[in-house]
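Each chain gets a letter, A, B and so on, in the order its sequence line appears, and its residues count up from 1.
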Number of protein chains: 2
Amino acid sequence: MTDDQHPKSDDFAARSGKNRPKYVQVSDLLIREIKAGHWREGERLPVEAELAVELKVAVGTLRKALTLLESEGLLERRQGSGTYVKKPPKEAAYQLFRLELLQGGGTPHAKTLAVRKEKNSEVARVFGVSSSTLFWRIERKRFLNETPIAAEEMWIRGSHAKQLTAEELDESLYRHYREHFGFWISHVEDRIRLDFCTPWSADILNKESGAPLGWIERISWSSQDSVEEYSRTWFDPDVCHYVSRMA
Amino acid sequence: MTDDQHPKSDDFAARSGKNRPKYVQVSDLLIREIKAGHWREGERLPVEAELAVELKVAVGTLRKALTLLESEGLLERRQGSGTYVKKPPKEAAYQLFRLELLQGGGTPHAKTLAVRKEKNSEVARVFGVSSSTLFWRIERKRFLNETPIAAEEMWIRGSHAKQLTAEELDESLYRHYREHFGFWISHVEDRIRLDFCTPWSADILNKESGAPLGWIERISWSSQDSVEEYSRTWFDPDVCHYVSRMA
DNA sequence: AGGAATTTGTGCGTATGTATC
DNA sequence: AGATACATACGCACAAATTCC
């Protein structure tokens, strides 16, 4: 870290074309260190006093950077204990799942029905790649408290795995992505429409063909803002509904 | 503000049974001042140095309190200018509206059909009040780009107005609440289900009775976490869909 | 247009409280 | 109980943005 109190031409500022405050530069530096694997998930960082000396900044400045990173979810700070690299949320497996039983709640659960590699020009358009690109297509049946509630098909980039079978896929695909493919979903966009039972969904949901269904089309992005998943979920409106909270 | 650096028995701590940090006490104090109308919306607060002296805290401590209040959306701080009491967002009229045309987008627009005062025990339960409480019930027709897309009925507390007619209600009820009733909606929860055209909704949406419809049940809270609105929206799935983004 | 005054933002350093180990 | 580590609090100097003349 450069020691000019109000930097005007250090490395980062020069590259980014901006005059970023020193505490932001420090936080950027720490982000790079963490992503480069300098500290592992869950590992404790050096204590503030040490790190401040090492980076040649005042403790207060370092603290501001650490606080910023904590607010962004990359670090966890515990008084009396230390500052830790935060693990991607383990319990967040179903954090982005928005279906609930009509009476409220329910524990999500999924069963993989089929996995195959294929091309799909419509899906390729969503991902913004060439229509000859191969995707993994995964079909699943979803439950809340053992009640079948939805049929689902999803696509991810074929490049993530050479082989992929139903057996090796986790309950939570999001966790599988993180632990086996090295990325994780940070935000999604859902469109909820109305559709009708096809023979496929009727079979899975045990409904008569042609009955009305809720239909969720989801695009999922990684924290780098790249599209990493596209999915379609047909849910049975007799047993569940979609819940959305916003501020 | 008490001047013990690490307060152990000031007014607030005594009342709350906790030892709150001084900067939190300061922010609590400022919240009370603002709510009491000591400073109006948009008005500038005294400069940091003055306010710090007045409250008998260090400037840094005051700054931490002000930063906290800014993060909570009560204040706005502008370098070189001052610290201002934030006005509730004007442009947020349709911020919480989540229906879009199937092809995407569309400008929201609403027409009030009927307004009347009535009791409704089901609605009273949502508000958490006695079932004999009177509510205003407002029926509206919603459009996107002049296309009729939804029929809506909503309830608000009867106590907000003695009289209320369709003519005096704004396009945006949320704005009307803010400007005439003195509260505003800060967060909502939607449940999206499937329903079918009733004679009423069929008439408004120009559909045949019994056709499937999307159904949104919404509970809206003010920033004080009190339920202030309950609404039901039936939307035509042939022309629009519900969109939800989350991180 | 431009410079001075004002006001918040950044940065430094230190002392002490409080939670954890 | 003692050592360690983060949290709070104080105060000062200067930068940057805004305002005003």
Reported CD1-to-CG distance for the pair I149(A) and L144(A), which is rounded to 0.5 angstrom: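 So the gap between those two atoms works out to 3.5 Å.
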
Would you call the rings of Y242(B) and Y242(A) parallel, tilted or perpendicular, taking 30° and 60° as the class edges?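 Because their plane-to-plane angle is over 60°, the rings of Y242(B) and Y242(A) count as perpendicular.
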
Check: protein-nucleotides 2-5 of chain D nitrogen or oxygen pairs below 3.5 Å:
| residue | atom | partner | partner atom | Å |
| --- | --- | --- | --- | --- |
| dA5(D) | OP1 | R44(A) | NH2 | 3.2 |

What's the closest nucleotide to the side chain of A58(B) if the choices are dC10(D), dT8(D), dT10(C)?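 Out of dC10(D), dT8(D), dT10(C), the nucleotide with an atom closest to A58(B)'s side chain is dC10(D).
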
Closest listed nucleotide, where the reference is the side chain of T61(B) and the choices are dC12(C), dG11(C), dC10(D):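 Of dC12(C), dG11(C), dC10(D), dC10(D) is nearest to the side chain of T61(B).
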
[X] [atom1] to [N] [atom2], straight-line distance once rounded to whole Å:
| X | N | atom1 | atom2 | result |
| --- | --- | --- | --- | --- |
| L55(A) | dG11(C) | CG | P | 13 Å |
| Y84(A) | dT20(C) | OH | P | 11 Å |
| R63(B) | dG11(C) | CZ | C1' | 11 Å |
| L45(B) | dT7(C) | CG | P | 13 Å |
| R20(B) | dT18(C) | CZ | P | 15 Å |
| L68(A) | dG11(C) | CG | C1' | 16 Å |

Counterpart residues, side-chain contact (heavy atoms from CB on, under 4.5 Å), relative to [X] (two or more places apart):
| X | value |
| --- | --- |
| S186(A) | S223(A) |
| F181(A) | I156(A), H160(A), A161(A), L164(A), H176(A), Y177(A), F183(A) |
| R63(B) | E48(B), V59(B), R77(B) |

Would you mind telling me which residue lines up with the more 5' stretch of DNA chain C, Y23(A) or V59(A), judged by nearest nucleotide?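 So the residue in question is Y23(A).
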
Salt bridge (charged side-chain N to carboxylate O under 4.0 Å, His left out) contacts in which one or both residues fall within residues 155-172 of chain A, not counting sequence neighbours: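 Passing the test, one end in residues 155-172 of chain A: R157(A)-E228(A).
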
Does anything in residues 101-110 of chain A pair up under salt bridge (charged side-chain N to carboxylate O under 4.0 Å, His left out), and if so which pairs, sequence neighbours excluded?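 Qualifying pairs, neighbours excluded: none.
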
May I ask you to evaluate whether [X] reaches the phosphate of [N], defined as a side-chain N or O under 4.0 Å from OP1 or OP2?
| X | N | result |
| --- | --- | --- |
| R77(A) | dA7(D) | yes |
| K64(A) | dT10(C) | yes |
| K22(A) | dC12(C) | yes |

